[in-house]
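Note that these values count all heavy atoms, side chains included, but never hydrogens, waters or copies made by symmetry. Please read all numbers here as calculations on a predicted model, not as lab measurements.
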Amino acid sequence: MNNFAFLNDKPEYRSFSKDCVDAEKAFQNSYDSCVKLVRTALDAAIKWVYSNDKKISGASDNLFDLISKPSFERAVGKNLADKLHYCRKAGNEAIHNEKEFSAQEAEQCLKNLFDFVQWLDNRYGKNFMPRTFKSLTCAENLLQTELCGMKLPTPIFAASGTFGFGEEFENFVDLSRLGGVMVKCITLKSRRGNDGVRITETPSGMLNCIGLENPGVEKFLSEILPRIKNKMNVIVNVSGSNVEDYGKLSKLLDVDGVAAIELNISCPNVKDGGIIFGTDEKQAAKVTSAAKNSTGKPVIVKLSPNVTDITKIARAVEAAGADCLSLINTLMGMEINIHTWRPTLGNITGGLSGGAIKPVALRMVWQTANAVKIPIIGMGGIRSASDAAEFFLAGASAVAIGTANFSEPSITMKIADDLENYLRSCGLKNIRELVGKIKI
């Protein structure tokens with residue numbers, strides 16, 4: 001990080017050069033501190049201009065007033081003046097703790113400051129040399145990785161059933177920054193889902209029994225996929241009532257715009273007496289083979305935690321050709337209304353998700369990572385970068401955020417930003433250096 005290093009060789013700028021360099025250094029540890037220091041540096045640099053240019057007159061201790069002076073705005077131009085106002089406003093918000101800043105916002109403040117210092121040096125300096133601002137986020141690629149041939153800007157996914165089709169979150173999340181979106185489950189025919197109460201809150205989590213409500217694969221392909229395919233990596237979660245359904249769905253979804261297919265095997269095989277695919281290694285393997293034989297897309301198998309030994313299922317689907325595993329799906333649970341003496345959920349039981357299941361999910365990811373060679377997407381109760389880091393240490397190559405999206409729609413972005421900070425604090429150059437590094 002040396003965008004402002006050239007200022008050290010120009011003693012005439014000593015009144016603001018150290019603040020500029022310190023602001024860039026602060027980016028490694030705290031985006032808020034970086035923004036605050038940008039404002040300090042900007043204040044000093046603008047006052048330097050006022051004191052060294054007789055054509056730009058006016059005195060004030062208020063940064064807004066100094067930027068807004070007609071003589072100053074004419075000199076720097078409206079575009080640059082607007083950039084400086086952005087830094088001033090952000091700095092005030094950081095100073096008064098009005099918001100938390102992302103890596104992109106802090107870098108934008110630094111770039112705006114850099115543009116101003118470049119303008120200043122060009123106008124007043126000696127031996128001016130034009131320079132290009134080197135990005136502190138993109139250049140380092142701390143979170144950039146690859147999974148099953150998919151290039152991921154970050155290893156942060158949105159879990160199926162908690163993020164719609166992605167477009168519902170466009171106002172809260174930069175979809176292109178996600179590793180991908182596992183869209184809500186798709187079946188061959190449309191489904192209306194379960195009757196009665198479908199969701200209820202529990203301590204540190206929630207129970208749901210949505211019942212796979214979805215528009216069906218034909219409508220997804222004709223209406224939904226064209227709208228979303230260029231916005232993100234689209235991973236389609238699919239479910240069937242028998243092995244053949246998974247093969248048909250995988251074949252239909254082997255189209256442009258689908259990055260991968262995720263098999264939801266926590267469903268009953270109606271042809272074989274209702275046995276749950278995900279609780280029997282032979283059934284899980286059959287489903288995996290059916291999908292792999294029907295598509296050239298990467299096949300991700302989503303494992304159920306409602307088993308005695310999850311590693312048996314993991315090894316079976318790996319042997320059947322799975323490219324990746326995602327785990328865990330929800331745990332089975334229920335709630336009873338003590339006033340009516342009836343189950344709260346219309347389906348009686350439902351899937352438990354949220355923070356309460358994280359220790360179980362983490363344990364299963366660790367066990368599975370030691371049992372298979374294919375990559376794992378860890379999920380289950382992740383609500384912070386600290387939670388995510390635990391999953392990477394346990395052996396996950398990526399993570400998916402689920403229930404936390406309901407309470408904080410932009411949580412995936414915050415986790416990505418905070419995870420970058422964590423990697424810097426550990427002296428790591430890329431997220432891959434963290435995977436499986438648990439010390440036993």
Geometric class of the Trp119/Phe116 ring pair [parallel <30°, tilted 30-60°, perpendicular >60°]: parallel
Are Lys89 and Glu93 ion-paired here, with the side-chain N under 4.0 Å from a carboxylate O? yes
What do the steps show when you test Leu178 against Met413 for side-chain contact (heavy atoms from CB on, under 4.5 Å), and what is the final call? CA-CA 8 Å; Leu178 291 172; Met413 297 294 97; 3.8 Å; yes
Is the closest basic N to carboxylate O distance between Lys414 and Asp418 below 4.0 Å? yes
Check whether the side chains of Asp53 and Tyr124 place a donor and an acceptor atom closer than 3.5 Å, and report yes or no. yes
Any donor-acceptor pair under 3.5 Å linking the side chain of Asn370 with the backbone of Thr368? no
May I ask you to say whether Arg383 pairs ionically with Glu408, meaning some side-chain N is under 4.0 Å from a carboxylate O? no
Could you go through the side-chain contact (heavy atoms from CB on, under 4.5 Å) check for Met182 and Lys302 one step at a time? CA-CA 11 Å; Met182 294 151 166; Lys302 189 169 187 177; over 6 Å; no
Could you give the distance from CG (Leu80) to NE2 (His85), rounded to the nearest 0.5 Å? 10.5 Å
Taking the side chain as everything from C-beta on, heavy atoms only, tell me whether Cys324 gets closer than 4.5 Å to Ile374. no
Verdict with reasoning, Glu146 to Arg432, per salt bridge (charged side-chain N to carboxylate O under 4.0 Å, His left out): CA-CA 9 Å; Glu146 190 171 315; Arg432 289 186 291 269; over 6 Å; no
Dump the intermediate steps for side-chain hydrogen bond (donor to acceptor under 3.5 Å, both in side chains) on Thr344 and Thr200, then the final yes or no. CA-CA 7 Å; Thr344 300; Thr200 184; 5.0 Å; no
Taking the six-membered ring for Trp, are Phe157 and Phe163 ring centroids under 6.0 Å apart? no
Which value, rounded to the nearest 0.5 Å, describes the distance between Lys55 atom NZ and Ser71 atom OG? 11.5 Å
Hey, does Leu120 have a side-chain heavy atom less than 4.5 Å from the side chain of Val49? yes
For the residue pair Tyr50 and Phe72, categorise the inter-ring angle as parallel (less than 30°), tilted (30 to 60°) or perpendicular (more than 60°). parallel
Counting only heavy atoms not in Glu170 (residues, nucleotides, ligands), do more than 12 fall under 6.0 Å from its CD? yes
Give the intermediate values and the outcome of salt bridge (charged side-chain N to carboxylate O under 4.0 Å, His left out) for residues Lys69 and Asp65. CA-CA 6 Å; Lys69 290 284 184 182; Asp65 291 339; over 6 Å; no
Roughly how far apart are Ser410 OG and Phe172 CZ, rounded to 0.5 Å? 8.0 Å
Is there a side-chain contact between Phe27 and Glu107, using heavy atoms and a 4.5 Å cut-off? yes
Asn8 and Val21: CA distance, side-chain angles, deciding distance, side-chain contact (heavy atoms from CB on, under 4.5 Å) verdict: CA-CA 9 Å; Asn8 293 325; Val21 172; 4.0 Å; yes
If we ignore hydrogens and angles and just use 3.5 Å, is the side chain of Glu318 paired with the main-chain N or O of Lys373 as donor and acceptor? yes
Say you draw a straight line from CG of Asn52 to CZ of Arg123; how long is it, rounded to the nearest 0.5 Å? 11.5 Å
Do Asn329 and Ser304 pair up side chain to side chain, a donor and an acceptor below 3.5 Å, judged on atom types alone? no
Crowding at NZ, Lys10 (>12 non-hydrogen neighbours, <6.0 Å): yes
Run the numbers on Arg177 and Asp417 for salt bridge (charged side-chain N to carboxylate O under 4.0 Å, His left out), then give the verdict. CA-CA 11 Å; Arg177 194 176 172 217; Asp417 290 339; 2.6 Å; yes
Yes or no on salt bridge (charged side-chain N to carboxylate O under 4.0 Å, His left out) for Glu213 and Arg198, after CA distance, side-chain angles and deciding distance? CA-CA 11 Å; Glu213 177 188 357; Arg198 296 180 175 190; 2.6 Å; yes
Is any side-chain N of the basic residue among Lys111 and Asp115 closer than 4.0 Å to the acidic one's carboxylate O? yes
Looking only at heavy atoms, the pair that brings Ile156 and Ala416 closest together is CG1-CB, 4.3 Å
Side-chain donor/acceptor of Asp82 to backbone N/O of Asn79, under 3.5 Å: no
Say whether, by atom type as modelled, one donor and one acceptor occur between the side chain of Glu433 and the main chain of Asn430 under 3.5 angstrom. yes
Answer with yes or no whether the side chains of Asn112 and Gln108 bring together a donor and an acceptor at under 3.5 Å. yes
Closest non-hydrogen atom pair, Leu423 against Leu142: CD1-O, 3.6 Å
Given side chains that start at C-beta, do those of Ile411 and Ile382 come closer than 4.5 Å, heavy atoms only? no
Side-chain donor or acceptor of Glu168 paired with backbone N/O of Gly166 under 3.5 Å: yes
Heavy-atom count check: over 12 atoms from other residues, nucleotides or ligands less than 6.0 Å from Lys229 NZ? yes
So do the side chains of Phe16 and Leu7 get within less than 4.5 Å of each other, counting heavy atoms only? yes
Please check this pair: side chain of Asp323 against backbone of Ile300, looking for a donor-acceptor N/O pair closer than 3.5 Å. no
Could you go through the side-chain hydrogen bond (donor to acceptor under 3.5 Å, both in side chains) check for Asn29 and Arg424 one step at a time? CA-CA 7 Å; Asn29 302 310; Arg424 288 191 185 93; over 6 Å; no
Would you call the rings of Phe220 and Phe165 parallel, tilted or perpendicular, taking 30° and 60° as the class edges? tilted
Which atom pair, heavy atoms only, marks the closest approach of Ala106 to Val35? CA-CG2, 3.9 Å
One should read off an interatomic distance between Leu37 CG and Cys109 SG, to the nearest 0.5 angstrom, of 11.5 Å
With no hydrogens and no angle check, is any side-chain donor or acceptor of Trp48 less than 3.5 Å from a backbone partner on Asp43? no
Take Asn194 and Ile210 through the test side-chain contact (heavy atoms from CB on, under 4.5 Å) and record every step on the way to the result. CA-CA 6 Å; Asn194 290 324; Ile210 305 300; over 6 Å; no
Hey, does the side chain of Ser30 reach the backbone of Ala26 with a donor-acceptor pair shorter than 3.5 angstrom? no
Quick check against the 3.5 Å criterion: does Arg315 have a side-chain atom that pairs as donor or acceptor with the backbone of Ile313? no
When you compare the side chains of Ser326 and Glu262, does any donor N or O come within less than 3.5 Å of an acceptor on the partner? yes
Which distance, rounded to the nearest 0.5 Å, do you find between the OG1 of Thr295 and the CG of Leu249? 11.0 Å
Within the structure provided, determine whether Leu143 and Leu152 are in side-chain contact (heavy-atom separation under 4.5 Å). no
Give a yes or no on whether a salt bridge exists between Lys126 and Asp121, defined as a side-chain N under 4.0 angstrom from a carboxylate O. no
Cation-aromatic face contact Arg88/Phe64, 6.0 Å, 45 degrees: no
With a cut-off of 6.0 Å (strictly less than), are more than 12 heavy atoms of other residues, nucleotides or ligands near NZ of Lys251? no
Determine yes or no for a side-chain-to-main-chain donor-acceptor pair under 3.5 angstrom, with Glu73 supplying the side chain and Ala81 the backbone. no
